[in-house]
Amino acid sequence: MFELKVVQDDEIKVLLNDLLEHHGYDFTDYSKASLKRRINRLFTLDRFPSFAEFRYRLMHDPQYVRRFVEQITVPVTEMFRDPSFYKTLREEVLPVLGTYPVVRIWHAGCATGEEVFSMAILLKEANILHKSLLYATDINPEVLERASNGIFPLTQMKQYSENYINSGGKEEFSSYYSANYDMAKFESSLSSKMIFSTHNLVSDRSFNEFQLILCRNVLIYFDRQLQTRVFELFTESLDNLGFLALGSKETLRFSSVASHYKAINAKEKIWRKIA
């Protein structure tokens with residue numbers, strides 16, 4: 001009977017050490033269970049006959065390293081995901097941001113960009129996109145390139161349109177993109193306010209001061225120690241009275257920086273920095 005091979009815990013440690021020493025990617029503080037699941041999925045998907053061949057490929061094939069990083073780090077995302085969250089942004093956060101002369105927003109771990117374009121649409125409808133800058137960062141340069149193009153499968157537009165309407169959108173969602181064959185390209189007035197750049201939450205430092213930081217469904221892949229480091233980075237990067245938005249399964253509660261924040265909407269995981 002054929003026995004399905006899996007990458008063992010000690011082998012995963014070897015891989016993580018190789019990636020850090022030879023390629024500069026530090027996954028050592030990522031959630032062990034999540035890493036193991038994703039690494040074994042890739043190992044099976046790409047039909048490696050042995051761990052040794054898997055390791056050799058990661059050591060010597062830059063193209064495969066990019067594939068590995070993409071598979072390990074890309075979260076599932078969609079435009080206006082969790083519409084009630086975006087409705088809360090419309091009603092409780094954007095009116096405050098509108099009082100600032102310049103609005104800087106950081107999408108940390110932006111993946112393929114759906115969240116960034118969603119935010120740009122919100123800002124445009126609140127009439128503050130013209131004075132906003134959206135910094136979209138990710139560890140993975142491949143997905144950043146895709147994100148910056150603003151091109152998404154046309155088959156997803158029906159779901160995105162429903163999400164948009166449920167988030168409080170009043171316009172025709174199709175007015176924000178043009179269809180070309182089986183793809184939808186979003187208008188350049190949205191992407192003109194975006195800055196895409198690689199940034200590693202594990203090792204890179206603060207690079208600006210922001211009025212709003214969004215890091216949704218990224219921290220669930222980090223262990224507690226790394227989450228603490230990232231929360232400290234966000235606290236350093238947030239303007240006083242700035243907003244921090246996390247994913248539905250993430251929380252600032254019990255963190256070392258919790259005393260610096262007040263919950264604006266606990267259900268939607270939005271906090272405001274107060275000290």
Side-chain angles (χ1 to χ4, degrees), residues 1-78 81 107-115 136-149 152-153 156 196-205 215-233 246-250 255:
M1 183 177 177
F2 175 74
E3 184 180 349
L4 183 65
K5 295 185 179 71
V6 295
V7 182
Q8 302 299 322
D9 291 352
D10 58 338
E11 295 171 330
I12 289 174
K13 286 182 181 177
V14 170
L15 285 183
L16 299 186
N17 188 60
D18 288 346
L19 284 162
L20 179 57
E21 286 195 2
H22 296 277
H23 304 294
Y25 290 109
D26 187 355
F27 294 111
T28 51
D29 289 331
Y30 277 55
S31 162
K32 300 298 184 287
S34 172
L35 266 181
K36 186 173 183 178
R37 184 170 61 250
R38 290 181 173 214
I39 287 172
N40 273 299
R41 177 183 173 276
L42 190 59
F43 182 77
T44 304
L45 199 63
D46 292 348
R47 300 178 176 274
F48 284 100
S50 68
F51 170 73
E53 293 195 40
F54 189 30
R55 184 187 182 193
Y56 182 88
R57 189 90 180 270
L58 277 170
M59 289 279 282
H60 300 286
D61 184 347
Q63 287 286 107
Y64 195 73
V65 172
R66 284 196 287 272
R67 171 168 169 75
F68 180 90
V69 171
E70 180 173 338
Q71 292 296 316
I72 296 304
T73 61
V74 176
V76 175
T77 185
E78 61 185 43
R81 184 184 186 188
H107 291 264
C110 71
T112 43
E114 287 86 342
E115 183 181 83
T137 67
D138 201 276
I139 190 177
N140 186 339
E142 296 286 307
V143 298
L144 279 174
E145 185 176 347
R146 284 158 53 191
S148 64
N149 290 331
F152 306 105
Q156 297 175 350
F196 292 90
S197 178
T198 55
H199 183 277
N200 189 336
L201 288 171
V202 177
S203 57
D204 291 342
R205 302 179 65 178
C215 185
R216 306 187 68 233
N217 308 304
V218 175
L219 297 176
I220 53 174
Y221 301 114
F222 295 175
D223 69 12
R224 182 60 63 89
Q225 183 180 355
L226 181 51
Q227 286 182 12
T228 297
R229 295 217 309 263
V230 174
F231 283 144
E232 289 171 353
L233 170 68
L246 302 177
S248 59
K249 295 180 176 64
E250 299 161 338
S255 75

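Keep in mind it's a predicted model, so treat the numbers as computed, not measured. When a residue number appears, it is its place in the shown sequence, counting from 1.
- Looking only at side-chain heavy atoms (C-beta outward), Y56 and F48 stay at 4.5 Å or farther from each other.
- Residues satisfying the side-chain hydrogen bond (donor to acceptor under 3.5 Å, both in side chains) criterion with R41, sequence neighbours excluded, are Q71.
- Between the side chain of H23 and the main chain of L58, a donor-acceptor pair closer than 3.5 Å is present.
- With sequence neighbours excluded, the residues that form a side-chain contact (heavy atoms from CB on, under 4.5 Å) with A147 are F196.
- Q8 is linked by a side-chain hydrogen bond (donor to acceptor under 3.5 Å, both in side chains) to nothing, counting only residues two or more places apart in sequence or in another chain.
- Here Q227 pairs with nothing under the side-chain hydrogen bond (donor to acceptor under 3.5 Å, both in side chains) rule; sequence neighbours left out.
- Counting only distance, with no hydrogens or angles, the side chain of N200 and the backbone of I139 share no donor-acceptor pair below 3.5 Å.
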Working for side chain to side chain contact (heavy atoms under 4.5 Å, CB included), residues Q156 and E78: CA-CA 9 Å; Q156 297 175 350; E78 61 185 43; over 6 Å; no
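- Remark: K36 pairs with D9 by the salt bridge (charged side-chain N to carboxylate O under 4.0 Å, His left out) rule, at least two apart or across chains.
- E250 meets the side-chain contact (heavy atoms from CB on, under 4.5 Å) test with L219, I220, L246; sequence neighbours excluded.
- Between I39 and the options T44, V6, I12, a side chain to side chain contact (heavy atoms under 4.5 Å, CB included) holds for only I12.
- With sequence neighbours left out, the side-chain contact (heavy atoms from CB on, under 4.5 Å) criterion links S31 to A33, S34.
- Judged as a side-chain hydrogen bond (donor to acceptor under 3.5 Å, both in side chains), and not counting sequence neighbours, the contacts of E142 are R66.
- For E11, there are no salt bridge (charged side-chain N to carboxylate O under 4.0 Å, His left out) partners at least two apart in sequence or on another chain.
- For the salt bridge (charged side-chain N to carboxylate O under 4.0 Å, His left out) test, no residue two or more places apart in sequence or in another chain qualifies with D10.
- Note on residues 45-57: pairs passing salt bridge (charged side-chain N to carboxylate O under 4.0 Å, His left out), not counting sequence neighbours, are D18-R55, D46-R67, R57-D61.
- The side-chain contact (heavy atoms from CB on, under 4.5 Å) search around D26 returns L20, T28, V202, not counting sequence neighbours.
- Contact annotation: the side chain of N217 approaches that of S248 to within less than 4.5 Å [non-hydrogen atoms, C-beta and beyond].
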